[in-house]
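Remarks on the structure that follows.
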Amino acid sequence: MKIDNKQLKIPCLDPNFFILSEDKVNLARFETMSGRHPVNILSTGNQGCGKSSLVRQFAGIYNRPLATFQVGLLAESGQLFGQQRLKKGETYYNEFLFPKAIQTPGCVIHLEEINRSETPHALNELFSVLSEDRSIWIDELGLVEVAPQVIFFATMNEGDEFTGTEEMDAALQDRFYRIHLEYLPQKVEREVLVRKTGIEKDKADQVLRMVNQIRNNDQLEISISIRHSLMIAEMVALGASLREAMIYSLQISKDILESLLLTVQVETGEIETEMDEYLLYLPEY
Ligand SMILES: Nc1ncnc2c1ncn2[C@@H]1O[C@H](COP(=O)(O)OP(=O)(O)OP(=O)(O)O)[C@@H](O)[C@H]1O
Ligand SMILES: [Mg+2]
């Protein structure tokens, strides 16, 4: 069978992606194992802590094509493989990317939000391809067999604040190695902000002092992902004050923010409430 690999690309490397040394070593072990027998990896952690980036980086490092599927969007079984379509009064089967991807040797199959599919039925086919025999019968396609060295890399958010997230099915969980990601230590996160946004080191520290103040405040119940600290840092790098950067990047009320800024005691210049000034919003000539 000819496989159309147009959508299956080896992802670009992120030159500024940091990982725990232990995780790096063990991911290399999974890579080795995948040459001997099927390997499935589940990456868990809070929102925006780098799960999806890790999957991309893993694929990039080992020169593997990557295909990503939103399991959270699946509503019924069969949806991953294909669909009956109508063309000039005749029905035909339109094969989706999933069967192509799992039949591509060495492909990394990223299953996003594996714990969030709308109905458990949607996961039925996944059970078959994730199990030891790694194949599934699809009436329209025949026997679909997972190619050698394919790695299934599932990700799911796992944090206290995630309500509405189904616990992952135990039988499904049983089929995975697990790698749990934590938010980066402040020193490393600072390095990421500096490298990715060009923010100055001391400003990055200011941002992270503020961000960690919010992260460690249980009453606020706001989690600030690395994605968000990057957004804040990028604004600061472009000349925004910390106050502005936080207001525009976070969904947090101005009042709460002002008082937080005070407690963190950044320079008075930063804290001063700027007067709201209104002007016309038109192109500048
Ligand atoms: N360890 C890291 N080193 C460098 N950048 C990182 C790291 N972790 C996360 N980032 C950056 O933070 C942003 C969010 O990461 P990513 O999308 O991978 O998180 P996620 O855990 O998949 O998020 P979600 O829970 O929303 O799916 C990306 O821009 C990513 O590059
Ligand atoms: Mg993600």
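Keep in mind that this is a model prediction, so the values were computed, not measured.
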Checklist entry - Checking side-chain contact (heavy atoms from CB on, under 4.5 Å) for the pair Ile179/Leu42: CA distance, chi angles, key distance, verdict? => result CA-CA 6 Å; Ile179 171 163; Leu42 170 66; over 6 Å; no
Checklist entry - Nearest heavy-atom pair of Ile214 and Leu250: which atoms, and what distance? => result CD1-CD1, 4.3 Å
Item to check | Check: Leu13 and Ile61 side chains under 4.5 Å, non-hydrogen atoms | outcome: yes
Item to check | Min side-chain heavy-atom separation Ile136-Leu141 under 4.5 Å | outcome: no
Item to check | Working for side-chain contact (heavy atoms from CB on, under 4.5 Å), residues Leu8 and Cys107 | outcome: CA-CA 8 Å; Leu8 297 175; Cys107 194; 4.3 Å; yes
Checklist outcome for this item: For Pro15 and Arg195 the tightest heavy-atom approach is O-NH1, 4.1 Å
Checklist entry - Step by step, would you call Asp133 with Ser131 a side chain to side chain donor-acceptor pair (under 3.5 Å)? => result CA-CA 6 Å; Asp133 52 314; Ser131 69; 2.8 Å; yes
Next on the checklist: So which atom in Thr197 and which in Ala233 form the shortest heavy-atom distance, rounded to 0.1 Å?
Outcome noted: OG1-CB, 3.7 Å
Next on the checklist: Using a 3.5 Å distance criterion without hydrogens, assess whether the side chain of Arg64 forms a donor-acceptor pair with backbone atoms of Gly106.
Outcome noted: yes
Checklist entry - Rounded to the nearest 0.5 Å, what separation is found between the CE atom of Met210 and the CG atom of Asp205? => result 14.5 Å
Item to check | Mutual orientation of the aromatic rings belonging to Tyr177 and Phe30 [parallel < 30°, tilted 30-60°, perpendicular > 60°] | outcome: tilted
Checklist entry - Does the side chain of Arg56 come within less than 4.5 Å of Thr68's, by heavy atoms? => result no
Checklist entry - To the nearest 0.5 Å, how far apart are CD in Gln206 and CG in Leu242? => result 6.0 Å
Checklist entry - Quick one: do Leu80 and Leu97 end up in the same hydrophobic cluster if we chain Ile, Leu, Val, Met, Phe, Trp and Tyr together by side-chain heavy atoms under 4.5 Å apart? => result yes
Item to check | Side-chain donor or acceptor of Asn40 paired with backbone N/O of Leu130 under 3.5 Å | outcome: yes
Item to check | Arg175 and Phe127, any side-chain heavy atoms less than 4.5 Å apart | outcome: yes
Item to check | Whether over 12 other heavy atoms sit under 6.0 Å from Glu234 CD | outcome: no
Checklist entry - Are any of the side-chain heavy atoms of Leu27 and Ile19 separated by less than 4.5 Å? => result yes
Item to check | Test side-chain contact (heavy atoms from CB on, under 4.5 Å) applied to Ile41 and Val55, step by step | outcome: CA-CA 10 Å; Ile41 308 167; Val55 180; over 6 Å; no
Checklist entry - Nearest heavy-atom pair of Ser225 and Gly48: which atoms, and what distance? => result CB-CA, 3.6 Å
Next on the checklist: Do Ser223 and Tyr183 make a side-chain contact, defined as non-hydrogen atoms from C-beta onward lying under 4.5 Å apart?
Outcome noted: yes
Checklist entry - In terms of hydrophobic clusters joined by side-chain contacts under 4.5 Å, are Leu20 and Leu54 together? => result no
Checklist entry - Quick one: do Phe153 and Ile10 end up in the same hydrophobic cluster if we chain Ile, Leu, Val, Met, Phe, Trp and Tyr together by side-chain heavy atoms under 4.5 Å apart? => result no
Item to check | Donor-acceptor pair, side chain of Lys51 and main chain of Ala154, under 3.5 angstrom | outcome: no
Checklist entry - Out of curiosity, Ile224 CD1 to Asn216 CG, how far, rounded to the nearest 0.5 Å? => result 10.0 Å
Item to check | Check ion pair Glu258-Arg243 (N to O, under 4.0 angstrom) | outcome: yes
Checklist entry - Just one of Phe152, Phe96, Phe98 clears the ring-ring contact (aromatic ring centres under 6.0 Å, His included) bar with Phe69, so which one? => result Phe98
Checklist entry - Could you state the interatomic distance from CZ (Arg190) to CG (Asp202), rounded to the nearest 0.5 Å? => result 9.0 Å
Next on the checklist: A side-chain contact here means heavy atoms from C-beta on lying under 4.5 Å apart; do Glu95 and Glu140 qualify?
Outcome noted: no
Next on the checklist: With a sphere of 6.0 Å drawn around CD of Gln84, does it hold more than 12 non-hydrogen atoms of other residues, nucleotides or ligands?
Outcome noted: yes
Next on the checklist: Evaluate Val150 against Thr104 for side-chain contact (heavy atoms from CB on, under 4.5 Å), listing each step before the verdict.
Outcome noted: CA-CA 7 Å; Val150 162; Thr104 302; 5.8 Å; no
Checklist entry - More than 12 non-hydrogen atoms from neighbouring residues, nucleotides or ligands closer than 6.0 Å to CG on Leu280, yes or no? => result no
Next on the checklist: As a quick check of understanding, evaluate side chain to side chain donor-acceptor pair (under 3.5 Å) for Ser229 and Glu189, giving each step before the final call.
Outcome noted: CA-CA 9 Å; Ser229 59; Glu189 190 168 358; 2.6 Å; yes
Next on the checklist: Are Leu238 and Ile199 linked, directly or through intermediate hydrophobic residues, by side-chain heavy-atom contacts shorter than 4.5 Å (ILVMFWY only)?
Outcome noted: no
Checklist entry - How close do Gln186 and Leu208 get, heavy atom to heavy atom, and via which atoms? => result O-CD1, 3.6 Å
Next on the checklist: Do Phe58 and Ile151 make a side-chain contact, defined as non-hydrogen atoms from C-beta onward lying under 4.5 Å apart?
Outcome noted: yes
Item to check | Closest contact, heavy atoms only, Phe17 versus Ser53 | outcome: CE1-CB, 3.4 Å
Checklist entry - About how many Å separate NE2 of His110 and CD of Gln70, when rounded to the nearest 0.5 Å? => result 7.5 Å
Item to check | Backbone N/O of Met246 and side chain of Ser249: donor-acceptor pair under 3.5 Å | outcome: no
Next on the checklist: Is there a path of hydrophobic side-chain contacts, each under 4.5 Å between heavy atoms, that joins Val188 and Val211?
Outcome noted: yes
Checklist entry - So, Gln103 side chain and Pro99 main chain: donor-acceptor pair closer than 3.5 Å or not? => result yes
Item to check | Spacing of Ile226 atom CD1 and Leu184 atom CG [to the nearest 0.5 Å] | outcome: 4.0 Å
